[in-house]
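Here is the structure we will look at.
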Amino acid sequence: MTETRANLGIDLHLEPAGPGLRRGLTDALREAARTGRLAPGTRLPSSRVLAADLGIARNTVADAYADLVAEGWLTARQGSGTRVADRPVTAPPADPVPQGRAPARPAYDLRPGTPDLASFPRAEWLKAARRALHRAPHDALGYGDPRGRPELRLALAGYLSRARGVHADPARVLVCNGFVHALSLLASVLRARGVHTVAVESYGLHIHRDLLTAAGLRTVPLPFDDQGTDPSAPADGAGAVLLTPAHQFPMGMPLRPDRRAAVVDWARRTGALVLEDDYDGEFRYDRQPVGALQGLDPDRVVHLGTTSKALAPGLRLAWAVLPPPLADEVLEAKNNLPTCSALDQLTLAEFLTSGAYDRHVRASRLRYRRRRDALVAALAARAPGVHATGIAAGLHAVLLLPPGTEQSVVQAATWQNLALYGLSLFRHPTATTPPTDALVVGYGTPPDHAWAGALDALCRVLP
């Protein structure tokens, strides 16, 4: 008898165990339904198909199904087949939260680094995806160019030139699976070139420092003063410097023009590279946009960008604009393998060229500016002793606290189910800059409906 498409059912991995096949099969099916591995409503294979898959008698499967129908785990109806019954699923117990740490899902999350994911432009992205898929050539579904889809590299080159002042030849644009992927490729190339030391900012993300260290590179902190990072004289022997020049993370100020020129001059003199992390250069409020550092010297500066702040980190789309001598080396380190979904790349290319990206960024600027203004107003009204800095751009603010209070405020926030980061988390372990008590408050993460509650929770824990 030929099985129809409807009763072929699903592929089902089971390992019957026990003193008998019928009991072992019954126990395995019951456990799969109980734990949710087989979701309620799932249609099971016919007894004939499952018996053939498992190499057992059809009657054994039919009897196991009948037992579980009688117990209420399965349902069987004429014309509908055998399905998993609707019932509560027993989830595995959650790991206990270690003492002193915030719960995995706090009531309010003000940690920096993530945009408002609820504002992701789903409708516009879907339209772009449909257009991109409709227009995609057949070869777009193959392995493709390891540098990335040519449509996206061309769109990025045009956008970065227009909006960020980057000198971008599409042939030297490399699409990566997130910023960390791009940085890891550069780290391996630097190490292969014989570089041992990379200068980094006194305050920055430890994940970036850890990545460089794991690649065999030593990180040394740059001086930091009341005017921001001073990269004019990196440590002796440094073969590269990693900077966030448009909006220093987390302190928030842009790199001064004289210091921008100085670090480029240093790179020219020494043959070193400047790695420019342009993570949120599009978000500015009270000042003119700061152009990309790469525009000063495309041969010595690597421009790194990502969709993580403007759209969503889950897209895992980033890019590197590489100097000519470096492009082939980085591509070789990438092992000539594509890493990002071609369809996502084509969608982003369509999103950029259609103007949807620009419209979304402009709307996001207005939304985040309103949030920033509400944060400043709340501090003035309820915590006048706390001053917000670094607020002319970006998605976070640094709140300066009275000396000696940072850890107690972070602990109080944990008790209030509020996720916060202190500034000390971002300080390089060997930085000579005197430590400052402060909070790094991200105002991008909470959705609009939760922003007022997040502000209230924040003000309750401030000194």
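In this text, all values refer to a predicted model and were calculated from it rather than measured experimentally.
Heavy atoms only, all atoms of each residue included: Ala118 and Pro447 are closest at CB-CB, 4.0 Å. Annotation for Arg147 and Ala171: closest pair NH1-O, 3.3 Å, computed over non-hydrogen atoms. Contact record, Val410 with Gly422: CG2-N, 3.9 Å, taken as the closest heavy-atom pair. Nearest heavy atom pair, residue Pro463 against residue Ala383, reads O-CB, 4.4 Å. Taking all atoms of both residues into account, the shortest heavy-atom contact from Arg209 to Arg427 is NH2-O, 3.5 Å.
Listed by chain and number, the residues in a ring pair (Phe, Tyr, Trp, His ring centres under 6.0 Å) with Trp125 are Phe120, Phe351 (sequence neighbours excluded).
Between Tyr279 and Phe249, the gap from one ring centroid to the other is short of 6.0 Å.
Within 6.0 Å of the CZ atom in Arg162, the count of heavy atoms belonging to other residues, nucleotides or ligands exceeds 12. Annotation for Ile207: atom CD1 does not count as buried by contact number, only 12 or fewer foreign heavy atoms lying within 6.0 Å. A 6.0 Å sphere centred on CD of Gln227 holds more than 12 heavy atoms belonging to other residues, nucleotides or ligands.
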Test side chain to side chain contact (heavy atoms under 4.5 Å, CB included) on Asp230 and Arg259 and set out the steps. CA-CA 6 Å; Asp230 183 1; Arg259 294 181 174 182; 3.8 Å; yes
Apply side chain to side chain contact (heavy atoms under 4.5 Å, CB included) to residues Gln411 and Trp415 and explain how you reach the verdict. CA-CA 7 Å; Gln411 181 64 65; Trp415 293 333; 3.0 Å; yes
Under the criterion salt bridge (charged side-chain N to carboxylate O under 4.0 Å, His left out), I'd like the reasoning laid out for Asp299 against Arg268: C-alpha separation, chi angles, the key distance, then a yes or no. CA-CA 9 Å; Asp299 292 334; Arg268 289 170 179 162; over 6 Å; no
Assess whether side chain to side chain contact (heavy atoms under 4.5 Å, CB included) is satisfied between Trp319 and Arg153, documenting all intermediate values. CA-CA 9 Å; Trp319 49 87; Arg153 290 187 283 113; over 6 Å; no
Using the rule given for side chain to side chain contact (heavy atoms under 4.5 Å, CB included), can you reason through Asp297 versus Asp265, listing the C-alpha separation, both sets of side-chain angles and the distance that settles it, and then say yes or no? CA-CA 9 Å; Asp297 193 338; Asp265 287 343; over 6 Å; no
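Note that OG1 of Thr405 and CG of Leu439 are 7.5 Å apart. Values are rounded to the nearest 0.5 Å. Atom CG of Asp358 and atom CG of Leu352 lie 8.0 Å apart (nearest 0.5 Å).
Across Arg130, Lys127, Arg131, a single residue satisfies salt bridge (charged side-chain N to carboxylate O under 4.0 Å, His left out) together with Glu350, and that is Arg131. Paired with Leu275 under the rule side-chain contact (heavy atoms from CB on, under 4.5 Å), one option of Leu183, Leu243, Val301, Leu293 passes, and it is Leu183.
Ring pair Tyr421/Phe426 is perpendicular by interplanar angle, where above 60° counts as perpendicular and below 30° as parallel. Ring orientation note: the planes of Tyr357 and Tyr159 are nearly perpendicular, at an angle over 60° on the 30°/60° scale.
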